[in-house]
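Only a predicted model underlies this, so the values are computations on that prediction, with no experimental measurement involved.
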Amino acid sequence: MNRHHDPNPFDEEEDEIVNPFSKGGGRPVASRPFNVDATVDIPLDTVNDSSKKQRELSDRESELRKREMDIKRREDAVVNSGVKTSNKNWPPFFPIIHHDIANEIPVHAQKLQYLAFASWLGIVLCLVFNVIAVIVCWIKGGGVKIFFLATIYALLGCPISYLLWYRPLYRAMRTDSALKFGWFFFFYLIHIGFCIFAAIAPPIFFRGQSLTGVLAAIDVIRGSLLAGIFYFVGFGLFCLEALLSVWVLQKIYIYFRGNK
């Protein structure tokens, strides 16, 4: 009895793969063994970019952690010292506001905060001296209306400047709030504009004599030398305040951009 030749399943034979898309009617295509040891080329630029981004993220995360620790440290120091942030302690002879740069503002920002505080004290000095100069002009026959206007400038300008730009900056330095920084920049620009306007004192209200600007000083000195001298001193104070304010604005803007 003839037995058919059965293929041995244990024989190692190379399988053939037929390419159905070939034009030759299904010619066998030899299979290519897959090399598991083959390497894949990855561009070095992609690796460098990813590692660079990872380092930047790590640096930013460490910086944020450092800020959080700094803020928490200052808050703990205030709590442990038993000082309430709402206590009014300035000015010492008649406390009306809370002000403690040394304990509430970060060390690296205290110099800027002192400069801004000097700017606020400067506008207070300018407005108070403006009242004194206008009183001298009033005594020399300038009229009582300019005295009332100068008094209004002082009574409104001092607290409004504190509420609108100095206190927001103080809180921005303490809490690192971008919103409060933006509030400060907006109203501080208005403050600088007022200082420039006061230094010029255009003859809009009562020939401009309610502000000790250069135009008002030239007008006043024609009638009274003493009043004119006071007005020129006030003009110098407003000029110094404007220059100081521009410098403070530049310093704080650089600090703000460096932290963000």
Taking atom [atom1] of [X] and atom [atom2] of [Y], what is their separation to the nearest 0.5 Å?
{"X": "E241", "Y": "I123", "atom1": "CD", "atom2": "CD1", "value": "5.0 Å"}
{"X": "L237", "Y": "L127", "atom1": "CG", "atom2": "CG", "value": "10.5 Å"}
{"X": "I152", "Y": "F147", "atom1": "CD1", "atom2": "CZ", "value": "10.5 Å"}
{"X": "H98", "Y": "R167", "atom1": "NE2", "atom2": "CZ", "value": "12.0 Å"}
{"X": "F194", "Y": "F187", "atom1": "CZ", "atom2": "CZ", "value": "15.0 Å"}
{"X": "N87", "Y": "D100", "atom1": "CG", "atom2": "CG", "value": "10.5 Å"}

What are the two closest heavy atoms between [X] and [Y], and how far apart are they?
{"X": "C195", "Y": "A242", "answer": "CB-CB, 4.0 Å"}
{"X": "V134", "Y": "S210", "answer": "CG2-O, 3.8 Å"}
{"X": "G143", "Y": "I146", "answer": "O-CG1, 3.2 Å"}
{"X": "A116", "Y": "L169", "answer": "CB-CD2, 3.3 Å"}
{"X": "A227", "Y": "V136", "answer": "CA-CG1, 3.9 Å"}
{"X": "A109", "Y": "Y255", "answer": "CB-OH, 3.7 Å"}

Does [Y] offer a backbone N or O that forms a donor-acceptor pair with the side chain of [X] under 3.5 Å?
{"X": "S161", "Y": "C158", "answer": "yes"}
{"X": "Y231", "Y": "Q209", "answer": "yes"}
{"X": "N89", "Y": "P95", "answer": "no"}

Q: With side-chain contact (heavy atoms from CB on, under 4.5 Å) as the test, would you mind laying out the steps for W247 and L115 before giving the verdict?
A: CA-CA 9 Å; W247 185 52; L115 288 176; 3.8 Å; yes

**Q.** Trace of the side-chain contact (heavy atoms from CB on, under 4.5 Å) decision for I229 with F232
**A.** CA-CA 5 Å; I229 293 174; F232 272 109; 5.8 Å; no

With clusters defined by side-chain heavy atoms of hydrophobic residues (ILVMFWY) lying less than 4.5 Å apart, directly or transitively, does [Y] cluster with [X]?
{"X": "I221", "Y": "F235", "result": "yes"}
{"X": "L179", "Y": "F181", "result": "no"}
{"X": "I96", "Y": "L164", "result": "yes"}
{"X": "L163", "Y": "M173", "result": "yes"}
{"X": "V214", "Y": "L243", "result": "no"}

Q: Apply side-chain contact (heavy atoms from CB on, under 4.5 Å) to the pair V131 and Y153, showing each step before the final yes or no.
A: CA-CA 9 Å; V131 174; Y153 296 155; over 6 Å; no

Side chains of [X] and [Y]: closer than 4.5 Å at any heavy-atom pair?
{"X": "Y114", "Y": "I101", "result": "yes"}
{"X": "L125", "Y": "L121", "result": "no"}
{"X": "I135", "Y": "F230", "result": "no"}
{"X": "W165", "Y": "S119", "result": "yes"}
{"X": "L211", "Y": "N130", "result": "yes"}

**Q.** Criterion side chain to side chain donor-acceptor pair (under 3.5 Å) against Y166, the qualifying member of Q113, R171, H191
**A.**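 Only one of Q113, R171, H191 forms a side chain to side chain donor-acceptor pair (under 3.5 Å) with Y166, namely Q113.
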
Q. Counting only heavy atoms not in E56, do more than 12 sit closer than 6.0 Å to its CD atom?
A.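 Atom CD in E56 is crowded, with more than 12 foreign heavy atoms closer than 6.0 Å.
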
Q: Check the side chains of Y253 and R257 for a donor-acceptor pair under 3.5 angstrom, ignoring hydrogens and angles.
A: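 There is such a pair between these side chains.
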
Q | Qualifying residue for ring-ring contact (aromatic ring centres under 6.0 Å, His included) with W120, from F184, Y162, Y188 | A |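 The passing option is Y162.
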
Q: Would you sort out whether S58 and Q54 count as a side chain to side chain donor-acceptor pair (under 3.5 Å), showing the intermediate values?
A: CA-CA 6 Å; S58 300; Q54 186 174 3; 5.5 Å; no

